[in-house]
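Encoded as structure tokens, the structure appears first; notes follow it.
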Amino acid sequence: MAISDVSKIHAPEPHRHVKPPADPSALEHEQLLQGEFWRTIPAYKDIDEPTFLDHVWQYRNSVKTVDELANTVQDLVSPKFLEDLRTGFHRAPMNVRVSPYAMALIDWANPYDDPIRTQFIPLASRLLPDHPKLSLDSLHELEDSPMPGLTHRYVDKALFLPTNVCPVYCRFCTRSYAIGGDTDVVEKAELATDPKRWQDAFDYIASRPELEDIVISGGDTYQLPAKSLKRIGDALLDIPNVRRMRFATKGPAILPSKILTDHAWTEALISVVDRGRTMGKDVVLHTHFNSPNEITWITEKAMRLLFERGVFVRNQSVLIRGVNDDKETMRLLVKRLGFLNVHPYYVYMHDMVKGVEDLRTTIQTAIDIEKFVRGSTAGYNTPLFLCDAPGGGGKRDLHSFDYYDRENGIAVYSAPSVKPGEWFLYYDPIDQLSKDAQARWKDPATQDAMVADAIKKAKG
Ligand SMILES: *Cc1c(COP(=O)(O)O)cnc(C)c1O
Ligand code: SF4
């Protein structure tokens, strides 16, 4: 190539391709709710900042009954809404418990469509019949348990449930078979806090050299007293085969100020993380934000504290109808989490649990949202969308179905490294299907034929 040709190649372009400035809405994720936002709630109008941030005050004032709710919001809601609520509380498979922080973030002018109300407060008028293929322990966690409160499904990781209480009760909880006290509708498996049971779990983990990774969930790590958190953390770190641990909690989403005011708890967590680091072991916090509305200046402050003290935080969301099942909301959530240095790890399809059919979405909805979110921020801050296959197949990339009958809402998955040779089925909520498909689901014989056909097509 002649010298003159080279200079041509490197010659400056006649014009530059400047990306047009982003629309101001592209910065919406940075606009966090500020100030004393809780004062709009009648019961909190005289509550000052130190009181509102105090975790003890938050727990004491959590709303557990319809009367408590009515006394908190007073004339912000209509008598008709309260009636709807009363019937909803009776029919719910889960207890109700809502922190003042979450109560203050609900838009009481329109509670029917509010994403935080939808997650925690049942309304009779919104309930739909359960899918005919639904079972209570839909993930078969009980079946993969060598002992109560320990699930060993995957080769190298296990799920340890030290407690069955949570700082809040989520309507969509996967573990509604065990979490919370008995309600009118469901009798729970017993998972109460019990150190003897914990020791049995530690002994089992130590006896299985392949177990490198322990998820400490629940219930919820927020509910462990600092002493217990430290004791569990240290006991697991002392097991030579344990290399990685994650403490799981919904807490930062509904009570972020605990991280700022419960010093004993926060320091216990940090001490386990620090000790793990000196041992070459990875200890992180997994949390569970579902709505961008859950994230305020208080959340930012709490996440900043953890970041500065070296606690890495990952987030797992559930895709919930009316909460985050539209593209813009999910993108806002993902970008807001990234802004706080919280790593958006997973978005799960809603599990097939009782009494919450109104919260589920179709697999196709999730595929469409994923396509929109990918490309809007760093790849490592883009969550993987998953289906935790009912029946114990474990987590599957939701795109990896062997067959998806979109018309009848049946997705077929296989899991060669978890349960080779088996098929796992996820069903779209029936009310989201065509009228013809809804009619087919009314007939048990047709149901079985549709399922058999989907499995046959998956086999190819
Ligand atoms: C989700 C889960 C884990 C952890 O899985 P990751 O994909 O590594 O996050 C471990 N055990 C059980 C039973 C689980 O459900
Ligand atoms: S915090 Fe987690 S374990 Fe507790 S009710 Fe909610 S989803 Fe279930």
Side-chain angles (χ1 to χ4, degrees), residues 33 36-47 52 57-130 166-173 176 179-181 183-186 250 253-255 289-296 318-326 329 333 350 353-361 429 431-432:
L33 191 57
E36 300 188 329
F37 55 85
W38 54 88
R39 291 204 192 240
T40 56
I41 306 290
Y44 311 150
K45 76 174 183 318
D46 298 324
I47 302 299
F52 192 77
W57 184 87
Q58 286 276 334
Y59 278 120
R60 271 201 199 124
N61 290 280
S62 287
V63 165
K64 296 178 286 303
T65 65
V66 178
D67 291 337
E68 285 171 2
L69 195 147
N71 290 336
T72 303
V73 295
Q74 298 171 23
D75 57 356
L76 295 183
V77 297
S78 67
K80 188 166 155 278
F81 176 81
L82 285 178
E83 209 33 59
D84 202 355
L85 207 64
R86 213 171 283 283
T87 323
F89 269 55
H90 267 295
R91 293 216 212 130
M94 288 287 283
N95 287 345
V96 173
R97 181 175 192 179
V98 192
S99 60
Y101 176 80
M103 286 292 291
L105 295 177
I106 294 173
D107 174 10
W108 292 102
N110 185 9
Y112 283 94
D113 296 328
D114 185 89
I116 296 174
R117 194 291 300 159
T118 303
Q119 292 183 71
F120 307 118
I121 302 176
L123 290 175
S125 64
R126 295 292 156 118
L127 296 180
L128 292 171
D130 287 331
C166 295
V168 69
Y169 291 118
C170 312
R171 291 183 52 216
F172 49 87
C173 185
S176 56
I179 299 299
T183 65
D184 293 356
V185 182
V186 175
K250 175 85 182 163
I254 50 87
L255 215 171
F289 291 95
N290 288 330
S291 165
N293 298 9
E294 291 161 347
I295 302 172
T296 67
V318 179
L319 186 67
I320 306 173
R321 205 194 301 183
V323 173
N324 54 21
D325 68 332
D326 76 275
T329 306
L333 172 63
H350 195 300
V353 292
K354 244 180 165 16
V356 288
E357 204 61 3
D358 58 310
L359 299 182
R360 296 203 303 124
T361 59
D431 73 295
Q432 300 288 290

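Summarising the geometry, atom CZ belonging to F52 is positioned 5.0 Å from atom CZ belonging to F37; distances are rounded to the nearest 0.5 Å. Atoms OG1 and CG, on T329 and L319 in that order, are 10.5 Å from each other to the nearest 0.5 Å. Separation of atoms CG (L105) and CD1 (I254) is listed at 10.5 Å; rounding is to 0.5 Å. To the nearest 0.5 Å, the span separating CZ on R117 from CZ on F81 amounts to 6.5 Å. Within the model, atoms CG of D84 and OG of S78 stand 9.0 Å from one another, a figure rounded to the nearest 0.5 Å. Taking CG of L127 as the start and CZ of R171 as the end, the distance is 6.0 Å to the nearest 0.5 Å.
Between the side chains of Y101 and T296, at least one donor N or O lies within less than 3.5 Å of an accepting N or O. Checking N61 against Y44 by side-chain atom types alone, no donor-acceptor pair falls below 3.5 Å.
The heavy-atom pair separating G355 from D130 by the smallest distance is N-OD1, 2.8 Å. When all heavy atoms of D114 and D107 are compared, the pair lying nearest together is OD1-N, 2.9 Å. Between L333 and N290, the shortest heavy-atom distance links the atoms CD2-O, 3.3 Å. Closest approach of E68 and S62 over heavy atoms only: OE1-O, 3.5 Å. Here the closest heavy-atom approach between residue D75 and residue P42 is recorded as OD1-CG, 4.3 Å. Closest non-hydrogen pair, Y169 versus V96, comes out as CD1-C, 4.4 Å.
For the salt bridge (Lys or Arg N to Asp or Glu O under 4.0 Å) with R126, the lone residue among D113, D431, D358 that qualifies is D113. Checked against M103 for a side-chain contact (heavy atoms from CB on, under 4.5 Å), the options V98, I41, I116 give a single hit: V98.
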| query | Would D325 and I320 count as a side-chain contact (heavy atoms from CB on, under 4.5 Å) if you check the C-alpha gap in whole Å, the side-chain angles of each, and the deciding distance to 0.1 Å? | reply | CA-CA 6 Å; D325 68 332; I320 306 173; over 6 Å; no

| Criterion side-chain contact (heavy atoms from CB on, under 4.5 Å) on T72 and L69, from CA distance to verdict | CA-CA 5 Å; T72 303; L69 195 147; 5.7 Å; no

| task | Could you walk me through whether C166 and K250 pass side-chain contact (heavy atoms from CB on, under 4.5 Å), step by step? | result | CA-CA 8 Å; C166 295; K250 175 85 182 163; over 6 Å; no

| said: Could you walk me through whether F120 and V63 satisfy the side-chain contact (heavy atoms from CB on, under 4.5 Å) test, starting with their C-alpha distance in whole Å, then the side-chain angles of each, then the deciding distance to 0.1 Å, before giving a yes or no? | reply: CA-CA 10 Å; F120 307 118; V63 165; over 6 Å; no

| task | Might you work through the salt bridge (Lys or Arg N to Asp or Glu O under 4.0 Å) test for E357 and R360, ending with a clear yes or no? | result | CA-CA 6 Å; E357 204 61 3; R360 296 203 303 124; 2.7 Å; yes

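Classification of the H350-F172 ring pair by plane angle, with boundaries at 30° and 60°, yields perpendicular.
Annotation: side chain of V66 is not in contact with side chain of E83 (no heavy-atom distance under 4.5 Å). Contact check for S291 versus V323: side-chain heavy atoms found under the 4.5 Å cut-off. Residues T40 and W108 have side chains not in contact (no heavy-atom distance under 4.5 Å, counting atoms from C-beta outward). For the pair W38/K45, no side-chain contact is recorded, criterion being any heavy-atom separation below 4.5 Å from C-beta on.
By the salt bridge (charged side-chain N to carboxylate O under 4.0 Å, His left out) test, D326 is found to be paired with no residue, residues two or more places apart in sequence or in another chain being considered.
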